[in-house]
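Inspection log for the structure reproduced underneath, given as C-alpha cells.
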Amino acid sequence: EWLPQPVLLSFRLQANSWGQFDFVSQVAGIESSPGHWFKDGSLLSGSSHYLGADSTHLTVKGLSAADTGDYQLVVSNAFGMTTSRVARVALHFVNAVNPGATAPYTNWATAAGNIQDAIDAAAADAVILVTNGIYNSGGKLTDVFDVTNRIALDKPVTVVSVNGPFQTAVEGQWDPVSTNGVNAVRCALLSSNSSLAGFTLRNGATRDNSRLGGGVAAYYDEMVASCIISNNRAGGGGGALLGSYYNCWFINNSALSFGGGVYLGS
C-alpha cells in the first residue's frame with residue numbers, strides 16, 4: 001500500500017489520568033509505532049517513566065520538576081518525515097498546606113497554596129501538579145459564563161492531581177440562601193485546550209437558574225479525566241456543560257431544566 005509523507009493532523013498535551021501527562025497526536029501516512037520523542041533535543045527511551053516513547057502517544061508518569069523541558073515528536077516513513085511543534089512544558093506545584101508559597105511555584109518547597117495561583121503563574125503547555133487536600137478557597141470570575149469558578153483553566157494548561165479523586169477535591173459553593181444565587185461558585189471552568197484529571201469536583205453551583213454547568217463548564221471538548229463529579233446544581237447541566245469526559249463518575253448532580261448529569265458533553 002502506498003503511503004505519502006506523514007502529516008501531523010493534531011498534537012495536544014493533556015492528562016488521561018492522575019499523576020501523569022500525555023501527548024496525544026494524530027498522524028496520517030504511517031502504519032504503526034512510527035514515533036520518536038525528544039526531550040531537550042535528546043531521544044527518549046521507553047521506560048516506566050516514559051511510556052510510548054516510540055509511538056505517537058507519549059505518557060510521562062511519576063512527575064517531578066525534572067520533567068520540565070522541551071518535548072517534540074518526529075514521525076517518518078519511506079517517503080519522508082515530519083516534526084511536531086516544540087512543546088515547552090513547565091511544571092508548577094500546589095499544596096494547600098504549604099507555608100512557603102512563592103511564585104512561580106516550580107517545586108514542592110515553594111508550591112502554591114491554591115490551584116488558581118499556579119494556573120495564573122503558568123504559560124501555555126504548563127502542567128500544574130496538585131497534592132492531596134481539599135481546595136475550597138479563592139475563585140475567578142469569567143466573562144463568558146458569568147460565574148465565579150473555584151479554578152478557571154483559562155489557558156492551554158493541564159491540571160492533574162498526584163494521587164487521584166479520593167485524595168484531592170475541588171469544592172465549589174452553593175449560595176446559602178437559594179443554592180443557585182449570587183454567592184454560588186462553580187468548581188471548574190476549562191477553555192483553550194486545557195485538561196483536568198484526578199479530582200473530586202463537588203458542591204458547585206451557578207449564580208442563577210439560567211446558567212449552565214454547576215460542577216464543570218467547558219468551552220468545547222476540553223478533556224476531563226478520572227474525576228468524580230458530585231453534588232452540583234445548575235439551571236442546566238448540573239454536573240457539567242460541554243467537554244469530553246473519560247473515566248469519570250457523575251453522582252447526585254441535578255439541574256432545574258435539563259441535563260442533570262451532563263449537558264452537551266461526550
Side-chain angles (χ1 to χ4, degrees), residues 6-28 34-44 46-47 49-75 82-94 104-106 112 115-116 118-130 151-162 164 168 188-199 216 218-227 242-248 266:
V7 176
L8 189 63
L9 302 176
S10 66
F11 179 79
R12 181 172 177 177
L13 174 66
Q14 62 186 40
N16 292 341
S17 187
W18 61 85
Q20 67 182 56
F21 63 84
D22 302 79
F23 286 103
V24 180
S25 305
Q26 288 184 307
V27 182
H36 300 285
W37 286 92
F38 292 79
K39 178 177 182 283
D40 297 328
S42 297
L43 181 66
L44 292 178
S47 65
H49 185 62
Y50 297 117
L51 282 67
D54 60 352
S55 75
T56 58
H57 182 154
L58 176 70
T59 298
V60 183
K61 300 179 70 73
L63 303 179
S64 72
D67 294 309
T68 292
D70 293 348
Y71 292 78
Q72 189 171 36
L73 169 66
V74 177
V75 292
T82 189
T83 60
S84 72
R85 67 181 177 86
V86 175
R88 299 182 177 233
V89 176
L91 268 74
H92 303 267
F93 297 80
V94 184
Y105 320 113
T106 53
I115 299 169
Q116 191 62 52
I119 295 171
D120 291 344
D125 289 327
V127 175
I128 291 90
L129 187 61
V130 184
I151 59 172
L153 284 67
D154 52 1
K155 59 184 73 170
V157 297
T158 293
V159 178
V160 58
S161 73
V162 175
T168 321
L189 172 76
L190 285 78
S191 68
S192 304
N193 293 316
S194 59
S195 68
L196 181 71
F199 294 87
V216 181
Y219 276 32
Y220 183 51
D221 64 348
E222 285 78 17
M223 170 71 78
V224 179
S226 300
C227 285
L242 296 170
S244 295
Y245 299 88
Y246 173 75
N247 196 29
C248 290
S266 61

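- Residues Val89 and Thr68 form no side-chain contact, since every pair of their non-hydrogen atoms from C-beta on lies 4.5 Å or further apart.
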Inset, instruction - Apply the test side chain to side chain contact (heavy atoms under 4.5 Å, CB included) to residues Thr56 and Val75: give CA-CA distance (whole Å), side-chain angles for both, the deciding distance (0.1 Å), then the verdict. - result: CA-CA 8 Å; Thr56 58; Val75 292; 4.0 Å; yes
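- For Asp125, the salt bridge (Lys or Arg N to Asp or Glu O under 4.0 Å) test picks out Arg85, with sequence neighbours left out.
- Take Phe38 and apply the side chain to side chain contact (heavy atoms under 4.5 Å, CB included) test, not counting sequence neighbours, and it matches His36, Leu43, Val74.
- With hydrogens and angles left out, the side-chain atoms of Gln72 and Asp70 include no donor and acceptor closer than 3.5 Å.
- Residues Gly198 and Cys227 approach most closely at N-SG, 3.7 Å, considering heavy atoms.
- In this structure, the side chain of Ser195 engages the main chain of Ala15 through a donor-acceptor pair within 3.5 Å.
- The ring-ring contact (aromatic ring centres under 6.0 Å, His included) search around Phe93 returns Trp108, not counting sequence neighbours.
- The shortest side-chain heavy-atom distance between Ile115 and Phe199 falls under the 4.5 Å cut-off.
- Looking at residues two or more places apart in sequence or on another chain, you find no side-chain hydrogen bond (donor to acceptor under 3.5 Å, both in side chains) involving Ser42.
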Legend entry - Leu153 and Lys155: CA distance, side-chain angles, deciding distance, side chain to side chain contact (heavy atoms under 4.5 Å, CB included) verdict: CA-CA 6 Å; Leu153 284 67; Lys155 59 184 73 170; over 6 Å; no
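- Counting heavy atoms of neighbouring residues, nucleotides and ligands inside a 6.0 Å radius, atom OH of Tyr50 exceeds 12 of them.
- Residues Ser194 and Pro156 are not in side-chain contact: their nearest non-hydrogen atoms beyond the backbone lie 4.5 Å or more apart.
- When side chains are defined from C-beta on, Val127 counts as touching Leu63, because their heavy atoms get closer than 4.5 Å.
- With a 4.5 Å cut-off on side-chain heavy atoms, Val224 and Cys248 count as touching.
- Among all heavy-atom pairs drawn from Trp37 and Ser55, the shortest one is NE1-O, 2.7 Å.
- Using a 4.5 Å heavy-atom threshold, the side chains of Val159 and Val130 count as touching.
- Nearest heavy atoms, Ser17 versus Ala197: O-CB, 3.6 Å.
- In this structure, CG on Leu8 lies 9.5 Å from CD on Gln26, to the nearest 0.5 angstrom.
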Inset, instruction - Would you check, one step at a time, whether the test side chain to side chain contact (heavy atoms under 4.5 Å, CB included) holds for Val160 with Gln20? - result: CA-CA 7 Å; Val160 58; Gln20 67 182 56; 5.6 Å; no
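- Under the salt bridge (Lys or Arg N to Asp or Glu O under 4.0 Å) criterion, Asp120 pairs with Lys140, not counting sequence neighbours.
- The minimum heavy-atom distance between Ile128 and Ala118, with the atom names listed, is CG2-CB, 3.9 Å.
- Counting heavy atoms from C-beta on, the side chains of Asp221 and Ser266 never come closer than 4.5 Å.
- With rounding to the nearest 0.5 angstrom, the CZ atom of Phe11 is 3.5 Å from the OG atom of Ser84.
- Exactly one of Lys61, His57, Gln14 qualifies for a side-chain hydrogen bond (donor to acceptor under 3.5 Å, both in side chains) with Asp22. That residue is His57.
- The CZ atom of Arg12 sits 11.5 Å away from the OG atom of Ser25 when rounded to the nearest 0.5 Å.
- Within the model, atoms CG of Leu196 and CD1 of Ile151 stand 5.0 Å from one another, a figure rounded to the nearest 0.5 Å.
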Legend entry - Residue pair Val162, Leu129: steps toward the side chain to side chain contact (heavy atoms under 4.5 Å, CB included) verdict: CA-CA 6 Å; Val162 175; Leu129 187 61; 3.8 Å; yes
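- Looking at Val24 and Leu58, their side chains never come closer than 4.5 Å, going by heavy atoms from C-beta outward.
- Every residue meeting the ring-ring contact (aromatic ring centres under 6.0 Å, His included) condition with Tyr71, not counting sequence neighbours, appears here in chain and number order: Phe21, Phe23.
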